[in-house]
Participant: 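Structure provided below as structure tokens; questions to follow.
Owing to the predicted nature of the structure, the values given are computational and were not obtained by experimental measurement. In what follows, chains carry the letters A, B, and so on, assigned in the order in which the sequence lines appear, proteins first and then strands, with residues in each chain numbered from 1.
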There are 2 protein chains.
Amino acid sequence: MVPAQRPTYSVIAKAAGVSEATVSRVLNGDESVHPDRAKRVQDAVDKLGYRKNRVASALASGRSGLIAVVIDDDLSVFSDPFWGTVTSGVSRILSENGLHTVLMVSPVGSVDGGVAHYLKSGEVDGAIFFVLHSDALVNNLKKTGLPMVITGTPHSSMDIPFVDTDNFGGAYSGTKHLINQGCKKIACITGDIGTTAAKQRLDGYLQAFRETGGIPAKGLICEGDYSLESGMHHARMLLETHPDVDGIFASNDLMAAGAVTVLQDLGRLVPEDVKVVGFDDALIAQTTRPALTTIRQDVVALGEAAGSLMIAQLNGEDVKPIITPTELIIRASA
Amino acid sequence: MVPAQRPTYSVIAKAAGVSEATVSRVLNGDESVHPDRAKRVQDAVDKLGYRKNRVASALASGRSGLIAVVIDDDLSVFSDPFWGTVTSGVSRILSENGLHTVLMVSPVGSVDGGVAHYLKSGEVDGAIFFVLHSDALVNNLKKTGLPMVITGTPHSSMDIPFVDTDNFGGAYSGTKHLINQGCKKIACITGDIGTTAAKQRLDGYLQAFRETGGIPAKGLICEGDYSLESGMHHARMLLETHPDVDGIFASNDLMAAGAVTVLQDLGRLVPEDVKVVGFDDALIAQTTRPALTTIRQDVVALGEAAGSLMIAQLNGEDVKPIITPTELIIRASA
DNA sequence: ACTACCCGCGAAACCGCTTTCACGAAGTCT
DNA sequence: AGACTTCGTGAAAGCGGTTTCGCGGGTAGT
């Protein structure tokens with residue numbers, strides 16, 4: 001099959017009776033071209049179905065139109081729907097702005113591997129990171145001047161724009177809800193405390209707790225790791241050390257679900273004896289019995305925020321971090 | 001900051017005392033260069049830390065080194081961890097072969113939108129599709145000669161290589177397991193029957209059923225849509241129309257989980273009264289109580305298979321569809 | 001020993017678009 | 001009216017590789 005040779009500038013220029021330079025100007029929105037000639041070019045473009053060759057354009061201009069989304073290896077492997085959802089939000093926004101998303105999975109903790117090289121090589125116009133445990137890669141790249149956006153709150157406060165869910169506020173309102181429901185002894189099962197999100201959620205819990213005038217008894221704060229098992233484990237521990245616990249705020253739904261299971265196995269009624277609040281509004285929140293009261297975060301919105309922050313940067317605008325709101329979803333568990 | 005100008009061929013060529021053409025040959029593995037000169041070039045490359053500019057290379061050679069992964073809009077929005085996981089498998093294999101993954105979300109059902117244009121424009125060397133309901137886009141692109149791979153079994157039998165899980169075999173062995181456990185009246189909750197996977201899983205169920213010598217009673221086959229709600233809905237229906245049902249094969253874990261929930265709410269014991277088998281071995285299979293017996297599919301392997309099929313095609317090799325095996329995971333629900 | 005090949009290699013064209021530069025025409029200022 | 005800008009435009013030089021083409025020298029055939 002003869003691949004219908006795509007037209008080039010030279011063809012368009014000839015058809016419109018102008019120079020290639022003018023074609024380029026028109027196609028790049030240069031205002032200085034006389035409207036008449038601009039129209040002639042536009043007509044030729046339409047008529048011939050011209051589409052710019054991005055590669056050639058990238059070579060000449062130094063802008064590739066590609067934005068990298070960098071994902072830690074273990075993040076992806078854990079098949080957490082979270083990153084996929086965020087990425088789809090990012091991708092939507094970017095493509096609306098004529099940019100494309102290239103996906104890169106970086107071996108976890110790699111500061112100077114292939115991904116770093118690729119990003120440094122100028123083949124992408126920007127990079128969006130999902131930061132979990134370490135900011136090292138991002139820091140390493142910072143001095144290259146590559147526009148970057150971080151999804152999640154960075155550990156060290158570099159002045160790199162980031163987007164994040166309102167972890168603090170969400171945790172605060174979740175805990176507050178427990179308090180309002182009459183809970184007197186509220187425990188917290190944190191997420192992997194090496195992540196900023198887990199810390200912020202813990203802080204939200206503490207804040208709400210503090211407002212009651214008390215401070216959490218020793219052992220009421222359990223350091224989990226976001227896994228189902230850690231939820232189960234800590235629920236078991238709690239029941240031993242604090243048999244009178246009547247509320248649990250878990251840093252994600254998975255741990256909350258684990259906790260509920262153990263609670264029930266050990267003869268506690270949820271929510272009658274112990275009320276449980278999770279975080280994320282993941283699928284499991286709906287399937288757990290009783291269904292989990294939880295803090296919903298809008299993951300797609302988070303991705304879109306990341307994308308728009310990138311766009312803004314590319315346009316040279318000033319950018320500020322974006323914190324997306326959460327929502328308390330009341331179901332049966334609290 | 002002065003961006004440490006990356007060296008170009010001309011620098012390498014000078015340093016090695018050869019022509020740019022020779023540099024190119026060495027870097028592209030052309031055997032015809034004398035080993036001594038090749039070594040000189042290689043040394044210069046190492047010493048100067050040279051890295052090829054992909055964009056320039058793409059322009060000159062017509063090969064971009066980019067492979068598109070095309071995802072239906074609704075697939076992604078449903079935050080199904082499935083596609084993310086597949087993509088990570090794809091991405092791994094591709095990057096091992098010096099290729100990069102660009103993500104594209106295509107508005108569902110769009111046959112000739114921006115994505116199609118982009119793919120036709122020759123800016124990617126190949127495309128991997130996640131086909132759900134329609135082959136239209138793929139068909140449309142077929143005549144361009146773009147190397148393509150489909151994830152999932154296509155509806156119409158075009159001769160485009162695809163990879164898929166052994167849906168039939170998995171469903172067969174799942175149903176068989178129910179039979180072996182002594183179930184007499186086994187229902188099937190299918191997935192969205194507009195997908196080939198759902199059809200194949202139904203066929204697997206039917207095959208196992210047939211081998212018992214009977215045929216499913218009317219109403220034992222319920223057309224679901226992979227959602228939690230449809231699982232719940234059909235379980236409720238089943239209990240009404242066939243109160244004596246003692247086994248359910250659901251086309252995915254989500255529906256199985258929904259079914260289990262309803263069964264329990266309605267006073268049936270799982271697995272004592274009704275045994276349930278799911279499909280996927282998703283996270284929810286482990287978190288549901290009782291944990292789901294299910295058919296595990298290796299999603300990462302599926303992605304890797306798709307990636308390798310693409311590589312093979314790019315190398316001009318003959319490619320055949322790849323069907324990845326499934327595995328029966330026995331837990332508590334059956 | 002002479003022509004016919006083959007092989008390794010460099011010169012140069014080329015991929016398709018962007019951007020600088022300079023030029024002529026038109027407008028502005030004394 | 002002459003000198004100085006400003007403005008729209010085209011010619012041409014890249015961007016950094018790849019690839020064709022052909023040359024010179026060595027090998028082989030007769």
Side-chain angles (χ1 to χ4, degrees), chain A residues 3-42 44-45 48-66 98 117-118 120-125, chain B residues 3-42 44-45 48-66 98 117-118 120-125:
Chain A
Q5 200 60 35
R6 306 170 65 203
T8 66
Y9 270 16
S10 99
V11 178
I12 303 292
K14 222 158 277 172
V18 301
S19 73
E20 299 187 21
T22 298
V23 176
S24 173
R25 289 195 254 267
V26 172
L27 264 43
N28 291 312
D30 187 324
E31 298 290 325
S32 72
V33 178
H34 189 98
D36 289 358
R37 326 186 109 238
K39 175 148 195 338
R40 291 223 306 277
V41 171
Q42 197 54 58
V45 165
L48 282 76
Y50 174 81
R51 312 210 77 229
K52 186 144 75 182
N53 178 324
R54 277 175 160 274
V55 176
S57 167
L59 176 58
S61 69
R63 282 171 262 112
S64 65
L66 263 32
H117 275 298
Y118 183 74
K120 282 182 189 166
S121 73
E123 292 160 44
V124 296
D125 295 344
Chain B
Q5 200 59 36
R6 305 170 65 202
T8 66
Y9 269 18
S10 98
V11 177
I12 303 293
K14 221 158 280 173
V18 301
S19 74
E20 298 187 23
T22 298
V23 176
S24 174
R25 289 194 257 265
V26 172
L27 263 44
N28 291 311
D30 187 325
E31 298 290 327
S32 70
V33 179
H34 188 98
D36 289 358
R37 323 185 114 243
K39 176 145 193 339
R40 291 222 307 276
V41 171
Q42 196 55 57
V45 165
L48 282 78
Y50 173 80
R51 312 209 76 229
K52 187 144 75 181
N53 179 323
R54 278 176 162 274
V55 176
S57 166
L59 176 58
S61 68
R63 280 171 263 114
S64 65
L66 262 33
H117 275 298
Y118 183 72
K120 282 182 187 165
S121 73
E123 292 161 42
V124 295
D125 295 344

Participant: Is a donor-acceptor pair below 3.5 Å formed from side chain B:Arg25 to base C:dG10, judging by atom type as modelled?
Facilitator: yes
Participant: How would you label the contact of A:Val18 with the nucleic acid (heavy atoms, under 4.0 Å): base, sugar-phosphate, or nothing?
Facilitator: sugar-phosphate
Participant: Choosing from C:dG16, C:dT18, C:dC9, which nucleotide comes nearest the side chain of A:Ala56?
Facilitator: C:dG16
Participant: Check this one for me: any side-chain N or O of B:Arg37 less than 4.0 Å away from OP1 or OP2 of C:dC9?
Facilitator: yes
Participant: Is any side-chain heavy atom of A:Tyr50 less than 4.5 Å from a side-chain heavy atom of A:Val23?
Facilitator: no
Participant: Rounded to the Å, how far apart are B:His34 NE2 and D:dG25 P?
Facilitator: 17 Å
Participant: Any side-chain N or O of A:Thr22 less than 4.0 Å from the OP1 or OP2 oxygen of D:dG10?
Facilitator: yes
Participant: Quick check: closest heavy atoms across A:Ser10 and A:Glu20, and the distance to 0.1 Å?
Facilitator: CB-OE2, 3.4 Å
Participant: Can you tell me the distance, in whole Å, between the CD atom of A:Glu123 and the P atom of D:dG16?
Facilitator: 12 Å
Participant: Check the phosphate of D:dC15 against B:Asn53, side-chain N and O only, distance under 4.0 Å to OP1 or OP2. Yes or no?
Facilitator: no
Participant: Hey, which of these two, B:Ser32 or A:Arg54, hits DNA chain C nearer its 5' end, going by closest nucleotide?
Facilitator: B:Ser32
Participant: Hey, is the side chain of A:Arg63 poking within less than 4.0 Å of OP1 or OP2 on C:dT19, counting only N and O atoms?
Facilitator: yes
Participant: Are B:Lys52 and B:Asn28 packed together at the side-chain level, in the sense that at least one heavy-atom pair is separated by less than 4.5 angstrom?
Facilitator: yes
Participant: Could you work out which one of D:dT18, D:dA11, C:dA11 sits closest to the side chain of B:Ser19?
Facilitator: C:dA11
Participant: State which of D:dA12, D:dT19, C:dT18 makes the closest approach to the side chain of A:Ala21.
Facilitator: D:dA12
Participant: C:dT18 phosphate, OP1 or OP2: any side-chain N/O from A:Ser24 under 4.0 angstrom?
Facilitator: yes
Participant: How long is the line joining CG of B:Leu27 and P of D:dG16, in whole Å?
Facilitator: 15 Å
Participant: Rounded to the Å, how far apart are B:Leu59 CG and C:dC17 C1'?
Facilitator: 8 Å
Participant: Give a yes/no answer on whether the side chain of B:Ser57 brings an N or O atom under 4.0 Å of OP1 or OP2 in D:dG17.
Facilitator: no
Participant: If only atom types and distance count, is the side chain of A:Arg25 paired as donor or acceptor with the main-chain N or O of A:Ser32 below 3.5 Å?
Facilitator: no
Participant: Which part of the nucleic acid does A:Val33 contact within heavy-atom distance under 4.0 Å: base, sugar-phosphate only, or nothing?
Facilitator: sugar-phosphate
Participant: Describe the nucleic acid contact of A:Val23 in one word from base, sugar-phosphate, nothing, applying a heavy-atom distance below 4.0 Å.
Facilitator: nothing
Participant: Taking OP1 and OP2 of D:dG16, is either one under 4.0 Å from a side-chain nitrogen or oxygen of B:Tyr50?
Facilitator: no
Participant: If we ignore hydrogens and angles and just use 3.5 Å, is the side chain of A:Ser64 paired with the main-chain N or O of A:Glu123 as donor and acceptor?
Facilitator: yes
Participant: Is there a side-chain contact between A:Arg6 and the phosphate of C:dG16, meaning an N or O under 4.0 Å from OP1 or OP2?
Facilitator: no
Participant: Compare all side-chain heavy atoms of A:Val26 with those of A:Val18 and state whether any distance is below 4.5 angstrom.
Facilitator: no
Participant: State which of D:dG17, D:dT19, C:dG16 makes the closest approach to the side chain of A:Ala60.
Facilitator: C:dG16
Participant: So does A:Thr8 get a side-chain nitrogen or oxygen closer than 4.0 Å to the phosphate oxygens (OP1/OP2) of C:dG16?
Facilitator: no
Participant: In whole Å, what is the span from the CZ atom of A:Arg40 to the P atom of D:dG10?
Facilitator: 9 Å
